[in-house]
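Structure first, commentary second.
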Amino acid sequence: MTAPPRSGGEVGFVLPEPSTTLDLAMDDGAPIRVVRQGNPSGPRVVLSHGNGFASDSYFPFWRLMLDRFDLCLFDFRNCGRNPFHAAEPHDYRRFARDNVTVHRAVAEEWGAKTTIGTFHSMSAIAALLAIVDGVWHWDALVLFDPPVVPPEGDPLRAELLTEGEALRDAALIRKNRFPDPEEMADVFRYLHRFRRLREGVPELNTRSTLRFDPASGEWLLACPGPVEANLYVEVGELPIWRKPGGPARPLLIVGADPEPADAPKTAPCCRLYCETFEIDYACVPDTSHLLQLEEPELCFALFEDFLSRNGIAA
């Protein structure tokens with residue numbers, strides 16, 4: 001049986017063919033593929049994804065970069081384009097180490113140049129782990145709605161961890177194989193928390209996170225739910241809420257809208273984190289945690305403005 005072509009559902013979401021790819025092995029053998037898109041003469045943007053998603057899921061956002069930026073997309077181990085390696089280690093400390101390997105390999109393969117890391121949620125937390133240790137791999141960072149968990153005693157801590165526990169429990173019982181990708185796309189179309197997604201994103205994310213299994217004729221989640229589950233609560237154990245000594249290089253955190261009654265708990269935590277550590281902050285009105293897939297143009301405008309203000313422009 002032949003798998004359908006890799007596309008995004010909506011005509012405008014047909015993914016461009018990469019100009020080249022780079023296949024890497026992490027120090028424990030886990031494979032990670034880096035895909036190069038866009039303008040090789042522009043500043044480099046390295047982009048990755050949130051938990052349960054893949055870099056291709058963010059096409060509504062990164063397609064706006066194609067004319068001006070040298071775009072390098074990668075999926076974290078066990079996700080997206082990468083073959084499944086192992087259920088352990090699949091944690092934030094491991095992701096942070098993988099980031100170093102990817103950054104170094106991209107510079108060695110395609111040349112050193114100004115490089116902006118652009119990460120959402122899970123991948124943003126991996127980037128922050130390096131920052132709090134005083135290590136910068138990037139010339140600038142733009143992080144979208146990282147789930148930064150406040151310290152003990154802050155009421156927002158319990159709220160964010162409760163939200164994370166609900167997501168963990170949902171991941172543990174998630175269906176991991178589908179006879180038809182439309183079955184998974186229906187979940188994104190009809191669940192209330194995904195109501196702000198742009199048209200075509202449910203199909204796009206489905207194609208980005210499922211892989212076809214010729215043996216069974218079914219579609220399997222690249223990253224099974226039980227593998228991603230603990231990441232939703234592991235954030236509470238990380239030393240993110242520790243004074244990072246002030247950003248050594250330009251850093252912007254773009255949060256979801258914290259004002260609606262049903263705002264994700266990540267949103268007020270991002271705002272508080274930036275206020276506490278004097279980090280450049282912006283939020284996108286009327287968005288949830290998946291803001292890049294809801295208002296990609298507004299997210300990209302904030303990205304562009306930040307680079308311009310810091311003298312990094314294509």
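Every heavy atom of this structure was used, including side-chain atoms; hydrogens, water molecules and symmetry mates were not. Since this is a predicted model, take the numbers as computed values, not measurements.
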> Rounded to the nearest 0.5 Å, how far does OG1 of Thr266 lie from CG of Leu291?
Replying inline: 8.5 Å
> Passes salt bridge (charged side-chain N to carboxylate O under 4.0 Å, His left out), Glu218 versus Arg177? Steps please.
Replying inline: CA-CA 6 Å; Glu218 293 183 304; Arg177 54 177 61 233; 2.6 Å; yes
>> So Pro43 and Ile116, do their side chains get closer than 4.5 Å, heavy atoms only?
In response: yes
>> With no hydrogens and no angle check, just 3.5 Å: does a side-chain donor-acceptor pair link Thr114 and Asp139?
In response: no
> Linking I/L/V/M/F/W/Y whenever any side-chain heavy atoms sit under 4.5 Å apart, do Val100 and Val106 land together?
Replying inline: no
> Is there a donor-acceptor contact under 3.5 Å from the side chain of Asp70 to the main chain of Ser41?
Replying inline: no
>> Taking Asp91's backbone N and O only, do any of them form a donor-acceptor pair with Glu234's side chain (distance below 3.5 Å, no angle check)?
In response: no
> Which heavy atom in Pro60 sits nearest to a heavy atom in Pro296, and how many Å separate them?
Replying inline: O-CB, 3.3 Å
> Side chains of Cys283 and Arg271: closer than 4.5 Å at any heavy-atom pair?
Replying inline: no
> Taking atom CH2 of Trp241 and atom CZ of Phe277, what is their separation to the nearest 0.5 Å?
Replying inline: 6.5 Å
> Other than Leu167, what residues sit in its cluster of Ile, Leu, Val, Met, Phe, Trp and Tyr side chains whose heavy atoms are under 4.5 Å apart, directly or through others?
Replying inline: Tyr232
>> Could you tell me if Arg207 sits above the aromatic ring of Trp219, with its cationic atom closer than 6.0 Å to the ring centre and no more than 45 degrees from the axis?
In response: yes
>> With a 6.0 Å cut-off on the ring centroids, do Phe74 and Phe76 count as close?
In response: yes
> So do the side chains of Thr118 and Phe61 get within less than 4.5 Å of each other, counting heavy atoms only?
Replying inline: yes
> Looking only at heavy atoms, what is the nearest atom pair of Asn176 and Gly225, with distance?
Replying inline: OD1-N, 2.9 Å
>> side chain to side chain contact (heavy atoms under 4.5 Å, CB included), that's the test. Do Trp136 and Ile131 meet it? Break it down for me.
In response: CA-CA 6 Å; Trp136 278 81; Ile131 293 175; 3.9 Å; yes
> Any chain of hydrophobic side-chain contacts (each under 4.5 Å) joining Leu220 to Leu210?
Replying inline: no
> Does one hydrophobic cluster hold both Leu302 and Leu290, with members joined at side-chain heavy-atom distances below 4.5 Å?
Replying inline: yes
> Would Val132 end up clustered with Leu272 when hydrophobic side chains under 4.5 Å apart are linked, directly or stepwise?
Replying inline: yes
> Does the Asn310 side chain pair with the main chain of Ile312, one donor and one acceptor, at a distance under 3.5 Å?
Replying inline: no
> If only atom types and distance count, is the side chain of Lys113 paired as donor or acceptor with the main-chain N or O of Gly42 below 3.5 Å?
Replying inline: yes
>> Taking the side chain as everything from C-beta on, heavy atoms only, tell me whether Leu22 gets closer than 4.5 Å to Cys72.
In response: no
>> Could you check whether any side-chain N or O of Arg104 sits under 3.5 Å from a backbone N or O of Thr101, counting only pairs where one atom can act as donor and the other as acceptor?
In response: no
> Where does the angle between the aromatic ring planes of His103 and His137 fall among parallel (under 30°), tilted (30 to 60°) and perpendicular (over 60°)?
Replying inline: tilted
> Roughly how far, to the nearest 0.5 Å, is CE of Met184 from OG1 of Thr209?
Replying inline: 3.0 Å
> What heavy-atom pair brings Pro202 and Ala185 nearest, and what distance separates the two atoms?
Replying inline: CB-O, 3.7 Å
>> Using a 6.0 Å cut-off, check whether atom CZ of Arg189 has over 12 heavy atoms from anything other than its own residue.
In response: yes
> Among Asp56, Asp75, Asp23, Thr21, whose side-chain hydrogen bond (donor to acceptor under 3.5 Å, both in side chains) with Arg81 holds?
Replying inline: Asp56
> Heavy-atom distance under 4.5 Å between the side chains of Asp27 and Asp98, does that happen here?
Replying inline: no
> Between Phe300 and Phe303, what is the ring plane arrangement, given parallel below 30°, perpendicular above 60°, and tilted in between?
Replying inline: parallel
>> For a side chain to side chain contact (heavy atoms under 4.5 Å, CB included) check, start with the C-alpha distance between Ile240 and Val149, then their side-chain angles and the critical distance, and finish with the verdict.
In response: CA-CA 7 Å; Ile240 296 295; Val149 181; over 6 Å; no
> Of the non-hydrogen atoms in Leu307 and Phe69, which two are nearest, and what is the gap between them?
Replying inline: CD1-CE2, 3.8 Å
> Can you check side chain to side chain contact (heavy atoms under 4.5 Å, CB included) on Glu17 and Gln37, steps first, answer last?
Replying inline: CA-CA 8 Å; Glu17 288 297 319; Gln37 299 271 14; over 6 Å; no
> Is there a path from Leu298 to Trp62 through hydrophobic residues (I, L, V, M, F, W, Y) whose side chains come within less than 4.5 Å of each other?
Replying inline: yes
> If you measure from CG on Asn230 to OH on Tyr92, what distance do you get to the nearest 0.5 Å?
Replying inline: 9.0 Å
> Looking only at heavy atoms, what is the nearest atom pair of Pro258 and Ala267, with distance?
Replying inline: CA-CB, 3.6 Å
>> Set out, in order, the CA-CA distance, both residues' side-chain angles and the distance that settles side chain to side chain contact (heavy atoms under 4.5 Å, CB included) for Phe13 and Val201, then state yes or no.
In response: CA-CA 8 Å; Phe13 286 171; Val201 168; 3.9 Å; yes
>> Applying salt bridge (charged side-chain N to carboxylate O under 4.0 Å, His left out) to Glu295 and Arg198, what does each step give before you reach the verdict?
In response: CA-CA 8 Å; Glu295 294 293 345; Arg198 285 288 175 88; 3.6 Å; yes
>> With a 3.5 Å distance limit and no angle check, can you tell me whether Asp257 reaches the backbone of Asp286 through a side-chain donor-acceptor pair?
In response: yes
>> Test your reading of the model: is there a side-chain donor-acceptor pair from Ser308 to the backbone of Glu304, 3.5 Å cut-off?
In response: no
>> With heavy-atom distances below 4.5 Å as the criterion, would you say the side chains of Phe53 and Asn205 are in contact?
In response: yes
>> Using a 3.5 Å distance criterion without hydrogens, assess whether the side chain of Asn51 forms a donor-acceptor pair with backbone atoms of Met122.
In response: no
>> Under the criterion salt bridge (charged side-chain N to carboxylate O under 4.0 Å, His left out), I'd like the reasoning laid out for Asp28 against Arg97: C-alpha separation, chi angles, the key distance, then a yes or no.
In response: CA-CA 11 Å; Asp28 64 348; Arg97 290 166 60 189; over 6 Å; no
> Distance from Cys223 atom SG to Arg77 atom CZ, nearest 0.5 Å?
Replying inline: 11.5 Å
> So do the side chains of Ser19 and Pro40 get within less than 4.5 Å of each other, counting heavy atoms only?
Replying inline: no
>> Centroid separation under 6.0 Å, is that true for the rings of Tyr58 and Phe144?
In response: no
> Do Gln292 side-chain atoms and Cys299 backbone N/O form a donor-acceptor pair below 3.5 Å?
Replying inline: no
>> Using every non-hydrogen atom in the two residues, find where Asp145 and Gly255 come nearest and quote the distance to one decimal.
In response: OD1-CA, 3.5 Å
>> Does Glu297 have more than 12 heavy atoms from other residues, nucleotides or ligands lying within 6.0 Å of its CD?
In response: yes
> Is any side-chain heavy atom of Met26 less than 4.5 Å from a side-chain heavy atom of Ile32?
Replying inline: yes
>> Taking the ring centre of each residue, are His90 and Phe95 less than 6.0 Å apart?
In response: yes
> Quick one: CG on Leu204 to CG on Leu293, what's the gap to the nearest 0.5 Å?
Replying inline: 7.5 Å
> Can any side-chain N or O of Arg36 pair as donor or acceptor with the backbone N or O of Thr20 at less than 3.5 Å?
Replying inline: no
> Taking it one step at a time, do His289 and His120 satisfy ring pair (Phe, Tyr, Trp, His ring centres under 6.0 Å)?
Replying inline: CA-CA 9 Å; His289 184 57; His120 171 240; 4.7 Å; yes
